[in-house]
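Accompanying notes for the structure given below.
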Amino acid sequence: MMLHVPDVLTPAQVAELRALIDAASWEDGNATSGPQSALAKRNRQLPEGSEAARRAGAVVREAVSGNPLFMSAALPHTVYPPLFNRYGAGDGFRAHVDNAMRFQRDQGVRIRTDLSATLFLSDPADYDGGELTVEDTFGVHEAKLPAGDLILYPASSLHRVEPVTRGERIASFFWIQSLVRDDARRALLFDMDLAIQCLARTAGQDGAEIVGLTGAYHNLLRMWAEL
Ligand code: NI
């Protein structure tokens, strides 16, 4: 499942984040790459663990944790500390699949990357190219979203960042280990949650049907969740 989550950050929050990260020093984006993606990738990123990345990452984590659509779709177990990258003219990232595991050095823990997220931090009018292109079983999907919007997609999918031909594309990206590792099960729970919320708005919270469906949702989550 690929999901567009709008308005994760307000325009004021985007401006605040941009001021913080634009003033920081950036390094070659291949600092976090495996050997195969190092050949495919051309961009810059904020050094992992740097003060700017930590502060900006905390803002992103807080924003996604308070976003009901993100939480319902991702069912996060662990959110990897957000990273930040920038693609200038001539930069891009050829087709690849993200590493299955990420080691979180400061915590000494490994996370399984079930989902990838990109939070756009540039106005799409400020650059040409730079679309995130994701291939799944339903075809090829392109995302180039307003600043403050996020795209969530399975980390198992083949994806790329189209070459930027003008301006600069700045984004935050991170991985999520989900409570429910299987994409189809997670998508089913998400659909069910949306339908229950819709029904609750139209039919009220306390009907026997809502209670029954909510119970079924939680019992499926209990059956499938891995802690
Ligand atoms: Ni990737």
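Computed from a predicted model, the values in this text were never measured in an experiment.
Under the 4.5 Å side-chain heavy-atom criterion for Ile, Leu, Val, Met, Phe, Trp and Tyr, M2 and F70 are members of distinct hydrophobic clusters. Put simply, Y127 and L132 are part of the same group of oily side chains (I, L, V, M, F, W, Y) that touch within less than 4.5 Å, one to the next. Residues F190 and L115 are members of one and the same hydrophobic cluster, defined by side-chain heavy-atom contacts under 4.5 angstrom among Ile, Leu, Val, Met, Phe, Trp and Tyr. Under the 4.5 Å side-chain heavy-atom criterion for ILVMFWY residues, a single connected hydrophobic cluster contains both V161 and V164. V211 and L220 end up in different hydrophobic clusters when Ile, Leu, Val, Met, Phe, Trp and Tyr side chains are linked at under 4.5 Å.
Between the CG atom in N85 and the CH2 atom in W26 there is a gap of 7.0 Å [rounded to 0.5 Å]. Interatomic distance, CG of D182 versus CG of L189, reported as 10.0 Å (0.5 Å rounding). I111 contributes atom CD1, which lies 12.0 Å from atom CZ of F103 (distance to the nearest 0.5 angstrom). The CD1 atom of I210 lies 10.0 Å from the CD atom of Q197; values are rounded to the nearest 0.5 Å. The distance from atom CZ of R185 to atom CG of D183, rounded to the nearest 0.5 Å, is 12.0 Å. Atoms CD1 and CG, on I170 and L121 in that order, are 7.5 Å from each other to the nearest 0.5 Å.
Ring geometry for F93 versus H96: interplanar angle under 30°, hence parallel rather than tilted (30 to 60°). Taking the six-membered ring for Trp and thresholds of 30 and 60 degrees, Y153 and H159 have ring planes more than 60 degrees apart, a perpendicular arrangement.
With hydrogens and angles left out, the side-chain atoms of D98 and S116 include a donor and acceptor closer than 3.5 Å. Residues E162 and T133 have side chains that bring a donor and an acceptor to within less than 3.5 angstrom of each other.
Exactly one of R18, K144, R86 qualifies for a side-chain contact (heavy atoms from CB on, under 4.5 Å) with S122. That residue is R18.
Distance alone, capped at 3.5 Å, places no donor-acceptor pair between the D22 side chain and the A19 backbone. With hydrogens and angles disregarded, no donor-acceptor distance shorter than 3.5 Å links the side chain of S172 to the backbone of P82. Side-chain atoms of S72 do not come within 3.5 Å of backbone N or O of L69 as any donor-acceptor pair. Side-chain atoms of R61 come within 3.5 Å of backbone N or O of V79 as a donor-acceptor pair. At distances below 3.5 Å, at least one donor-acceptor pair connects side-chain atoms of R186 with backbone N or O atoms of R181. No donor-acceptor pair under 3.5 Å is formed between the side chain of D7 and the backbone N or O of T10. With S50 contributing its side chain and L46 its backbone, the two residues share no donor-acceptor pair below 3.5 Å.
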For V134 and R160: C-alpha separation, side-chain torsions, deciding distance, then whether side chain to side chain contact (heavy atoms under 4.5 Å, CB included) applies. CA-CA 7 Å; V134 179; R160 61 183 184 269; over 6 Å; no
Check the pair R222, N219 against side chain to side chain contact (heavy atoms under 4.5 Å, CB included), reporting the backbone distance first and the verdict last. CA-CA 5 Å; R222 198 185 328 275; N219 288 331; 2.9 Å; yes
Check step by step if side chain to side chain contact (heavy atoms under 4.5 Å, CB included) holds for N99 and W175. CA-CA 10 Å; N99 286 357; W175 297 277; over 6 Å; no
Verdict with supporting geometry, V8 and V5, side chain to side chain contact (heavy atoms under 4.5 Å, CB included): CA-CA 7 Å; V8 169; V5 184; 3.6 Å; yes
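Across L83 and E48, no two heavy atoms sit closer than the pair CD2-CG, 3.4 Å. Closest of all the heavy-atom pairs between L20 and A56 is CD2-N, 3.6 Å. Summarising the geometry of H4 relative to P6, their closest heavy-atom pair is O-CD, 3.4 Å, with the distance given to 0.1 Å.
For K41 and Y87, the positive end is not near the middle of the six-membered ring at less than 6.0 Å and at most 45° from its axis.
Using a cut-off of 4.0 Å between Lys/Arg side-chain N and Asp/Glu carboxylate O, D114 and R112 are scored as salt-bridged. Between E168 and R44 there is a salt bridge, since a side-chain N of the basic residue sits under 4.0 Å from a carboxylate O of the acidic one.
R166 CZ: more than 12 foreign heavy atoms inside a 6.0 Å radius. Atom CD of E62 is surrounded by 12 or fewer heavy atoms from other residues, nucleotides or ligands within 6.0 Å. Shown here is R55, whose CZ atom has no more than 12 heavy atoms of other residues, nucleotides or ligands within 6.0 Å.
Inter-residue side-chain proximity for D149 and L119 is flagged as unmet; no heavy-atom pair is nearer than 4.5 Å. Side-chain contact check for L150 versus T118: every heavy-atom pair is 4.5 Å or farther apart. With a 4.5 Å cut-off on side-chain heavy atoms, I176 and L152 count as touching. Annotation: side chain of L17 is in contact with side chain of L9 (closest heavy-atom distance under 4.5 Å). Side-chain contact check for E226 versus S178: every heavy-atom pair is 4.5 Å or farther apart. With a 4.5 Å cut-off on side-chain heavy atoms, M1 and P154 do not count as touching. Contact annotation: the side chain of P76 never approaches that of Q177 to less than 4.5 Å [non-hydrogen atoms, C-beta and beyond]. Using a 4.5 Å heavy-atom threshold, the side chains of L221 and V180 count as touching.
Checked against side-chain hydrogen bond (donor to acceptor under 3.5 Å, both in side chains), H77 has no partners two or more places apart in sequence or in another chain.
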